[in-house]
Amino acid sequence: EVQLVESGGDLVRGGGSLRLSCAASGFTFDNTVIAWFRQAPGKGREGVACIRRSYGETTFYTDSVKGRFTISSDNAKNTVYLQMNSLKPEDTAVYYCAAVVGWLYEGNWYRDRNYDYWGQGTQVTVSS
């Protein structure tokens, strides 16, 4: 059974940092795409970053987090991280980890319908 478990969400002041973790079980990271999405109150789910592990490793980010967030993976721990720096109040949301076995093109990684597995989410709140 595939499971994704997020952790690391918290309340933080603007300008602060957090690191989210997504622990995966039931599959390995080879030939997978793992992404972080977020959903703010009253808004749709937004793709934040993804790491594509096929023919090497490629990362993608949504424009609003480039230069502030970094996605990475630890194969030994089967865990994906999202390091979030210079946090802003508009980063406040529930953050979800999602995964799909296979390949996603750069133009598709942020579409939530392309992912088969989802975690339960972790709350990130950034105060001004």
Could you walk me through whether Q83 and S72 pass the side chain to side chain contact (heavy atoms under 4.5 Å, CB included) test, one step at a time? CA-CA 8 Å; Q83 177 66 43; S72 63; over 6 Å; no

Would you sort out whether T92 and V124 count as a side chain to side chain contact (heavy atoms under 4.5 Å, CB included), showing the intermediate values? CA-CA 5 Å; T92 295; V124 172; 5.9 Å; no

Test side chain to side chain contact (heavy atoms under 4.5 Å, CB included) applied to I71 and V80, step by step: CA-CA 7 Å; I71 189 170; V80 171; 3.8 Å; yes

Would Y110 and R45 count as a side chain to side chain contact (heavy atoms under 4.5 Å, CB included) here? Give the steps. CA-CA 9 Å; Y110 53 86; R45 199 151 47 184; over 6 Å; no

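Taking CE of M84 as the reference point, atom CG of D91 lies at 7.0 Å (rounded to 0.5 Å). Note that CZ of F37 is 8.0 Å distant from SG of C50, once rounded to the nearest 0.5 Å. Summarising the geometry, atom CG belonging to N108 is positioned 10.5 Å from atom CZ belonging to R52; distances are rounded to the nearest 0.5 Å. One finds the CG atom of L87 at 5.5 Å from the CG atom of L18 (value rounded to the nearest 0.5 Å). Rounding to the nearest 0.5 Å gives a distance of 14.0 Å between OH of Y105 and CZ of R111. Rounding to the nearest 0.5 angstrom, the gap separating the CG atom in L104 from the CD atom in E106 is 11.5 Å.
Using a 4.5 Å heavy-atom threshold, the side chains of D112 and W118 count as touching. When side chains are defined from C-beta on, T122 counts as touching L20, because their heavy atoms get closer than 4.5 Å. Contact annotation: the side chain of V100 never approaches that of N114 to less than 4.5 Å [non-hydrogen atoms, C-beta and beyond].
Between F69 and W36, the distance from one ring center to the other does not fall under 6.0 angstrom.
Of all heavy-atom pairs spanning A40 and A93, the tightest one is N-CB, 3.8 Å. For the residue pair E46 and T62, the shortest heavy atom distance occurs at OE2-OG1, 4.0 Å. I51 approaches S73 most closely through the heavy-atom pair CD1-OG, 3.8 Å. Pairing each heavy atom of Y61 with each of A49, the nearest pair is CD2-CB, 3.6 Å. Residue G119 comes nearest to Y96 through the heavy atom pair O-CD2, 3.7 Å, listed as atom of the first residue, atom of the second, then distance. Considering all non-hydrogen atoms of both residues, C22 and L4 come closest at SG-CD2, 3.9 Å.
Side chains of Y95 and R38: a donor-acceptor N/O pair is present below 3.5 angstrom, by distance only. When only modelled atom types and interatomic distance are considered, E57 and T59 share no side-chain donor-acceptor pair under 3.5 Å. Between T79 and D74, the side chains place no donor N or O within less than 3.5 Å of an acceptor N or O (distance only, hydrogens not considered).
A side-chain donor-acceptor contact under 3.5 Å links E6 to the backbone of Q120.
Linking Ile, Leu, Val, Met, Phe, Trp and Tyr whenever their side-chain heavy atoms come within less than 4.5 Å puts I34 and V2 in one cluster. V126 and V65 fall within a single hydrophobic cluster, where Ile, Leu, Val, Met, Phe, Trp and Tyr are joined by side-chain heavy atoms under 4.5 Å apart, directly or via other members. Residues V94 and Y115 share a single hydrophobic cluster, defined by chaining ILVMFWY side chains whose heavy atoms lie under 4.5 Å apart.
Judged by the 6.0 Å distance and 45° axis criteria, R53 is not positioned over the aromatic ring of W103.
F60 and W109 have parallel rings, their planes meeting at less than 30° on a 0 to 90° scale where 60° marks the start of perpendicular.
At a threshold of 4.0 Å, the pair K66-D63 counts as salt-bridged, since one of the basic side-chain nitrogens sits closer than that to a carboxylate oxygen.
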